[in-house]
Amino acid sequence: MTRSLWIKQPLAMHTNTCADSEGGLVIDTDQGVIREVVARGALPSTPCDAVFDARQHVVLPGLINTHHHFYQTLTRALPAALNKPLFPWLQTLYPIWASLDENMLFSATELALSELLLSGCTTAADHHYVFPDQLTQAIDIQMDAAESTGMRVTLTRGSMSLGAADGGLPPQSVVQQESQILDDSLRLIKRFHDPAVGSKRQVALAPCSPFSVTSELMSESAKLAAEYTIRLHTHLAETLDEEAFCLKRFGMRTVDYLEHVGWLSEQTWLAHGIHFNQDEIQRLGAAGTGICHCPSSNMMLASGICPVLDLEQAGAPVGLGVDGSASNDCSNLITEARQAMYLQRLKYGAEAVSHLDALRWVTQGSASLLGRQDLGVLTEGMQADLALFRLDELRFSGSHDPLAALLLCGAHRADRVMVAGKWLVEEGRLIHKDEARLRREHQQQAECLVNKL
């Protein structure tokens, strides 16, 4: 017998549609999908097994994080890496990350996903590209950690194949041979990638960046992704240093390089996307290539500001990501949406960007980047992934527009979070995780990693 839950008469709801949804949503908790959107003053078309009174809650589609490096939660606020731009920052951290082991990665992944979940995030993409000899099956470990949280994930098989000895940025201790990378990529696709509607685990291929992988690996990864219909991800146009590297090594700018290696397509989404000229923006839009805006990281490393509105106008989908927790130092997606709104206002003006834009980027926009047509919108048949926030803290007192208040007043922790029709967070607490244990074990692993250097 199908069971149903009526999330009744929310204080406010953002659906990414024009439908009247003031009466709430009916969730099929067995199938994990939205069965009905209820209009103002209406009742569900059929009786429900249970009712959740949402009059004190603002309801959003589950937030979707499209760029992260979970392992970096182990090196937050590290003194040696403070106050540096991207390249020196990376060169400081690479030798530390080279000591990552399996226990460290499991703990980092579990904590990062739990932190995201508490912020209202229900789907997260991670870009893991560090594979020292003791960590050859990193994505397998991350899949195990993700399953323990109940969240949806797109885990990318990242890679670095161009070490310092061959003109790249990373030390040789963290690079792999191309054949090893491609063989493992195929193994992971066959073992873990689930393309079905409602999937909770997917795989993408993600050579790290132009300054850490060869052109051959980029091209071969594109061919493999096309063969198995999976997505591609990389860092691109994050800094002027990267642009200079591409011009010197490849004799072309970043988007020219992207096209040269077969990546300028709608199956690709890029992290950062800051330093594009107008012609490049038009080419990205025409190709349908997506951009993940990472405002906090871009500010912390002083990399620049992503031209989000120009990209969207050109036809490029835009989503949000918190980026690594060593350049953001935080894995909180609702606060990242606030940062995105403010940073884009700084670029385009107060009247050009609203809280509704930021809420769209962090839900529907991010779903587009991952190729998920079943997420990011609250309407009949979509996956029942929800983030519910209360406005009963001091920070919200005196606010009048509930949706605007989420970002303007600085919401940072969801009261309830649902994935596939199941509550994973209730009253602001993880149902299936002990936060004190998570923090204790994670801090021990962080200290162990840094002390290995």
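Quick note: numbers below take in every heavy atom, side chains included, and nothing from hydrogens, waters or symmetry partners. Computed from a prediction, not measured in an experiment: that's the story for all the values here.
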Could you go step by step and tell me if Asp385 and Met418 meet the side chain to side chain contact (heavy atoms under 4.5 Å, CB included) rule? CA-CA 5 Å; Asp385 292 6; Met418 172 183 286; 5.9 Å; no

Of all heavy-atom pairs linking Ala225 and Leu205, the shortest is N-CD1, 4.1 Å

Item checked: Salt bridge flag under 4.0 Å for residues Glu115 and Arg439 -> no

>> Are Trp97 and Tyr71, when compared by the centres of their aromatic rings, separated by less than 6.0 Å?
In response: yes

| Salt bridge check: are Asp256 and Arg283 linked by an N-O gap of less than 4.0 Å? | yes

- Any cation-pi pair here, Arg157 with Phe131, using under 6.0 Å and within 45°? yes

Report task. State whether Lys433 and Glu110 are salt-bridged, where the test is any N-O pair (Lys NZ or Arg NE/NH1/NH2 against Asp/Glu carboxylate O) under 4.0 Å. Result -> yes

**OP:** Please confirm whether His128 and His69 have ring centers closer than 6.0 angstrom.
**Re:** no

Taken in chain and number order and not counting sequence neighbours, the residues that satisfy side-chain contact (heavy atoms from CB on, under 4.5 Å) with Pro307 are Ile281, Asp310, Leu311, Lys347, Tyr348

Charged N-O contact under 4.0 Å between Arg187 and Asp184
yes

Going by distance alone, is a donor N or O of one side chain under 3.5 Å from an acceptor N or O of the other, for His67 and Asn65? no

Contacts satisfying side chain to side chain donor-acceptor pair (under 3.5 Å) that involve residues 188-200 (not counting sequence neighbours) are Asp140-Arg191

- [ ] Ignoring hydrogens and angles, tell me if any N or O in the side chain of Asp374 forms a donor-acceptor pair with the backbone of Met382 under 3.5 Å.
- [x] no

